[in-house]
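Below is one structure; the comments refer to it alone.
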Amino acid sequence: MKLRIDKMLSNSGLGSRKQIKSDAKKGFIEVNGIVEKDSSKIIDTEKDLVKYKGEVIKYVQYIYLMMNKPQGVISATEDNYAKTVIDLLKDEDKFYKPFPVGRLDKDTEGLLLITNDGQLSHNLLSPKKQVDKTYYVEVAEEVTEEDVKSFEEGIVLKEDNYKTLPAKLQIIESGYPSICLVTIREGKFHQVKRMFKALNNEVIYLKRISMGPLKLDETLKPGQYRHLTEKELIALGGQK
Ligand code: URA
């Protein structure tokens, strides 16, 4: 990646661009062993060796964020009308041009991975990989053991007669409303809502709580996000 030295260093959390500019003038920055006093110079992060105050700075190319997506915000990078999950990010994170991995409906909450790692996104979304996604679901009507069986067998959706892959329904509380956990391996449009609709029930609250090995950090309030930990990143197959 080619970018200005001040951008590279400030994005690496080493201070504001103003601060970096002043440090460059003081001779604190070296590029390929030569002091560089102009912090607006463009460097190539793959080829040039940048040192700041004597330390080699490895530029982070990929960003991996876990968001607890709030309701009312759409899982897209831009939209003419609605607020997007990217609008909720700090400028220093937007810089990496991240995008959400897959979609949650506007009224769905919960775990959303936001990254600029296209390969990882592809791996997580590829139908071939069948990554498990688990949702906490509240539905209007009772859920029954028969529903559990229907989920296990796969459900024929109403609009297009698509038969879903076998899915897991765990009943936590059956009543009006009912509470359950649903694990699916695909990501068809409105899938969980449509699966319940096919069983004459209605989803009234939906929250994703896990995706593959990644679990929603419940300390994140809706709208908050954080960087993945190294452990989470390794489990997911991201790049350091
Ligand atoms: N299934 C849905 O119906 N909506 C979502 O947002 C995710 C899964």
Side-chain angles (χ1 to χ4, degrees), residues 65-79 81-89 98-115 120-143 147-148 150-172 177-218 220-225 236:
L65 306 170
M66 173 194 295
M67 178 181 281
N68 183 356
K69 179 195 166 296
Q71 292 184 338
V73 169
I74 61 168
S75 314
T77 48
E78 45 187 41
D79 191 84
Y81 306 102
K83 212 177 199 186
T84 73
V85 289
I86 302 300
D87 292 331
L88 301 179
L89 304 182
F99 51 86
V101 176
R103 279 174 180 258
L104 290 177
D105 295 338
K106 193 172 177 184
D107 59 357
T108 301
E109 279 184 16
L111 177 63
L112 188 65
L113 176 64
I114 299 175
T115 183
L120 177 69
S121 171
H122 174 78
N123 288 346
L124 290 169
L125 298 177
S126 162
K128 280 190 209 135
K129 306 266 161 122
Q130 299 197 348
V131 173
D132 278 353
K133 274 119 356 204
T134 300
Y135 295 83
Y136 167 92
V137 196
E138 292 180 13
V139 289
E141 310 292 333
E142 277 189 323
V143 276
D147 294 336
V148 173
S150 301
F151 269 71
E152 257 167 25
E153 283 161 11
I155 292 174
V156 178
L157 303 179
K158 278 187 173 159
E159 293 79 1
D160 52 8
N161 285 333
Y162 173 78
K163 185 166 186 217
T164 68
L165 289 176
K168 193 168 158 195
L169 171 63
Q170 280 172 272
I171 303 172
I172 296 174
S178 299
I179 298 174
C180 38
L181 295 180
V182 168
T183 302
I184 55 173
R185 297 184 160 173
E186 10 175 31
K188 299 275 174 235
F189 189 57
H190 297 329
Q191 182 160 341
V192 175
K193 290 176 186 161
R194 290 167 72 202
M195 287 172 92
F196 279 102
K197 194 173 165 195
L199 301 178
N200 300 315
N201 210 328
E202 189 198 351
V203 170
I204 52 176
Y205 177 77
L206 188 59
K207 176 181 176 183
R208 181 156 64 191
I209 54 172
S210 74
M211 185 175 192
L214 196 60
K215 301 213 167 10
L216 176 66
D217 177 345
E218 294 284 354
L220 293 172
K221 297 199 183 88
Q224 290 186 331
Y225 71 96
L236 212 52

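What's counted below: heavy atoms across the whole structure, side chains too, no hydrogens, waters or symmetry copies. Whatever order the structure lists them in is the order used to number ligands and atoms, beginning at 1.
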M211 versus T134: any side-chain heavy-atom pair under 4.5 Å?
no
In terms of side-chain heavy atoms, does Y135 have a donor or acceptor partner in E109 at a distance below 3.5 Å?
no
Taking C-beta and beyond as the side chain, do M67 and L89 meet within less than 4.5 Å on heavy atoms?
yes
Using the six-membered ring wherever Trp is involved, compare the ring planes of Y205 and Y136 and label them parallel, tilted or perpendicular (cut-offs 30° and 60°).
perpendicular
What pairs with D217 under salt bridge (charged side-chain N to carboxylate O under 4.0 Å, His left out), at least two apart in sequence or on another chain?
R226
Can E186 and Q191 be counted as having a side-chain donor-acceptor contact under 3.5 angstrom?
yes
Tell me the residues surrounding ligand 1, counting only those with a heavy atom closer than 4.0 angstrom, sorted by chain and number.
L104, D105, T108, Y135, H190, Q191, V192, K193, L206
